[in-house]
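Encoded as structure tokens, the structure appears first; notes follow it.
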There are 2 protein chains.
Amino acid sequence: MPKPKIHTMEELSAAIGVSRPTLSRYFQDPTKVSRSSVERIRTGLDRVDYTPNFFATRMNRKTTGMIGVIIPYLNDLFFTRLLESIERAAMAAGYTVISQCSHSDPEIEARAAETFLSMNVDGAIVAPLGNHSDLHVYERLNARMPFVLFDSRPKLLTGVDFVGTDHKQSTSMMVDYLCRVGSPPVFLAMPRVNFNAVERENAYIARMIERDLEPVVIGTEMTAPGAYFESHGLAVMSDHFARGALLDSTVLCVNDRVAIGALRAAAQHGLEPGALRRGGLRIAGHDDYPLCPFTSPPLTTVAQDVDAIGQAAVDRLQEKLRAENQTGNQIVKLMDGVMKIRSSA
Amino acid sequence: MPKPKIHTMEELSAAIGVSRPTLSRYFQDPTKVSRSSVERIRTGLDRVDYTPNFFATRMNRKTTGMIGVIIPYLNDLFFTRLLESIERAAMAAGYTVISQCSHSDPEIEARAAETFLSMNVDGAIVAPLGNHSDLHVYERLNARMPFVLFDSRPKLLTGVDFVGTDHKQSTSMMVDYLCRVGSPPVFLAMPRVNFNAVERENAYIARMIERDLEPVVIGTEMTAPGAYFESHGLAVMSDHFARGALLDSTVLCVNDRVAIGALRAAAQHGLEPGALRRGGLRIAGHDDYPLCPFTSPPLTTVAQDVDAIGQAAVDRLQEKLRAENQTGNQIVKLMDGVMKIRSSA
DNA sequence: CCAAGCCTTTTACACGCGTCAAGTCTAGGC
DNA sequence: GCCTAGACTTGACGCGTGTAAAAGGCTTGG
């Protein structure tokens, strides 16, 4: 009952009576082979068990049809959403995506990059680790293949394409909203190892100054080695609440995960963010983490356009693939955030 | 300044004056080459930019050093934690892992399996999709290479190795705990498309009967097409609470994501699960989703031993790789769950 | 100085398929 | 019936590396 296994195209050609080069052309593009041959090959393939060798097929082609993606964490729904959107866009464009996670480790990130190089992927899309990233790795990839950074970008890196969110816009929008509806926000930040976190912090400060308000930033110190974002938010806010500080303030968190920790701290201290319409404690986040609608209270935040970012990254890669030799200028594409007003602020 | 690029081993051997076969052996295992040659190759490699071709190196080896992993969702922290633990275990064992996500689509899952076959991966570890999975895909992989299912297993599939949690144990333990500390639990289930969900539901029913209690299962009907787990939990419990039902009951949820939805429903109705020590509404979950400590109130749940599962899956794969020809018996490895008592129940 | 032994190099073939050039076959038009 | 174009086949080479066999160089011991 099991179909006979065939290992090489040579055997296949003997088995179904079509020449090997014709088979080769068929597998690459069936339309390049005559109708009658297509039929014969189709029915032949139904009768046997053959899978073209992945390595042999890619070795001699100029294009491998693969793109490599690196994300820094796997335990963060925001990055997995980004990865998902990239995978969808790439799949739709006919690519095979090889995804790797750097697990917060520059060495693993570098290894993943080397893997991409040795596999001759057609292009790479990577989200940097943060301050610990080895910029040399990005430069190396950028020099060798179409390359796009997404999500965040190292300050010191120049000439590399980038797709992400306009944090100046998104953060300003949130600051404006919070000021309009209540007291000016304090900014609950993070240790400055994350580029986006710094960008948002700076955007907050700039916007506050523009509005003639005094920016207040808390939580930049490390609360615990390797602490999750949530525990950082929880630790910082618990600390303040316990001292009777910020009890009726507006807290803009650097991201939703930190905000979830802040919400927990509030609940622990019997506070209900957003309960009073225009006063009392309010907490807001950034990113629109998938769980935001289900927190207590649901978290007001600003959504990043994840799908647009993924699509744009893949689009840009294809653009560079087609242009190949032309030294196109660096392109930086920033998407606008969108307010998601729920009840926490 | 940039090092000269070298594309083939041939060029490399000419550039540093060592024969190509010696280089080949060096890259596979430096100890198989004499001290002096190692030195020469090392210093030579420092002066040039060479990366062995991934495809060419794998084509002729009996073993590719790669293992394939498939998970059904990327937007679920539980699966990403499992993937992470598998990646760590595999990396430690010297493998390159190729991970694919089936995005809830049997076709994508099948395509990923074909990719693994064409890449001659040394083994595959996959978490099934659920009722929609094409069992034929698993049988095909199982026949061709060391293969292990993890997380959940199709009822109808036999003879395939499995590593996961003992849901009978974990669910019974939770039922016992809930009964000991308060009223017997109702079970908030899911549409029966997920094997683990069904296993837990059955384990709940069995345990309740063993205790001479009447099992009550709710939420098996689909609440909305493609609804997230959280919205399912929210919809089902909101519905009950709005009717004044289950207001002071104990609710054991099929998993934490559903429980998070249930918590939200409770909050919407002004209910505070676990507030009364031995009475009133209580909500518990399953899995120990990473956010459980940060929900309001923190969710009582039973943790799966994610690290042990990942390690066991990789171990089993290596075992089968070594045994190769021996037709080892099927192995099913079930890990115990661990109670995580927080304040929601 | 010669023989034994390890390490290396040389030489050769293999892997599975892409690709090209030249030859063969078929169908269509005259 | 012949001619031409198109589709196919045959044959050959190449990709970058693994791998095995044979031959060469070096050290070591006598």
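Within every chain, numbering begins at 1; the chains are lettered A, B, ... in the order of the sequence lines, protein sequences first and strands thereafter. Quick note: numbers below take in every heavy atom, side chains included, and nothing from hydrogens, waters or symmetry partners. Remember, it's a predicted structure, so these values are computed and weren't measured experimentally.
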With sequence neighbours left out, which residue pairs that include part of residues 66-92 of chain B fulfil the ring-ring contact (aromatic ring centres under 6.0 Å, His included) condition? Tyr73(B)-Phe79(B)

Show me the pairs that pass ring-ring contact (aromatic ring centres under 6.0 Å, His included) and involve residues 27-46 of chain B, at least two apart or across chains. Phe27(B)-Tyr50(B)

In whole angstrom, give the distance that lies between atom [atom1] of [X] and atom [atom2] of [N].
{"X": "Tyr26(A)", "N": "dA7(D)", "atom1": "OH", "atom2": "C1'", "answer": "17 Å"}
{"X": "Met119(A)", "N": "dC15(D)", "atom1": "CE", "atom2": "P", "answer": "22 Å"}
{"X": "Glu11(B)", "N": "dG16(D)", "atom1": "CD", "atom2": "P", "answer": "8 Å"}

Considering residues at least two apart in sequence or located in another chain, which fulfil the salt bridge (charged side-chain N to carboxylate O under 4.0 Å, His left out) criterion with [X]?
{"X": "Asp305(B)", "result": "none"}
{"X": "Arg40(B)", "result": "none"}
{"X": "Arg61(B)", "result": "none"}

Determine the contact category for Ser36(A): base if any of its heavy atoms lies under 4.0 Å from a base atom, sugar-phosphate if only primed atoms, P, OP1 or OP2 are that close, otherwise nothing. nothing

Spell out, as yes or no, whether a donor-acceptor pair under 3.5 Å connects the side chain of Asn196(A) to the backbone of Asp151(A). yes

Expected string for nucleotides 15-20 of chain C under the B/S/- scheme (protein heavy atoms, under 4.0 Å, primed atoms plus P, OP1, OP2 as sugar-phosphate) is BBBBB-

Determine all donor-acceptor pairs shorter than 3.5 Å in which one atom belongs to a side chain in residues 117-124 of chain B; sequence neighbours excluded.
{"unit_1": "Ser118(B)", "atom_1": "OG", "unit_2": "Thr115(B)", "atom_2": "O", "d": "3.0"}
{"unit_1": "Asp122(B)", "atom_1": "OD1", "unit_2": "Thr63(B)", "atom_2": "OG1", "d": "3.4"}
{"unit_1": "Asp122(B)", "atom_1": "OD1", "unit_2": "Thr64(B)", "atom_2": "N", "d": "3.1"}
{"unit_1": "Asp122(B)", "atom_1": "OD1", "unit_2": "Thr64(B)", "atom_2": "OG1", "d": "3.3"}
{"unit_1": "Asp122(B)", "atom_1": "OD2", "unit_2": "Thr63(B)", "atom_2": "OG1", "d": "2.6"}
{"unit_1": "Asp122(B)", "atom_1": "OD2", "unit_2": "Gly65(B)", "atom_2": "N", "d": "2.8"}

Kindly say if Thr22(B) contacts the phosphate of dT9(C), meaning a side-chain N or O under 4.0 Å from OP1 or OP2. yes

Look for any protein N or O under 3.5 Å of an N or O in nucleotides 24-28 of chain D and output each such pair with its distance, or none.
none

Pairs under 3.5 angstrom only: tabulate donor-acceptor contacts from the side chains of residues 96-105 of chain B to other protein residues two or more places apart or in another chain.
{"unit_1": "Ser102(B)", "atom_1": "OG", "unit_2": "Ile71(B)", "atom_2": "O", "d": "3.3"}
{"unit_1": "His103(B)", "atom_1": "NE2", "unit_2": "Glu87(A)", "atom_2": "OE1", "d": "2.6"}
{"unit_1": "Asp105(B)", "atom_1": "OD1", "unit_2": "Glu107(B)", "atom_2": "N", "d": "2.8"}

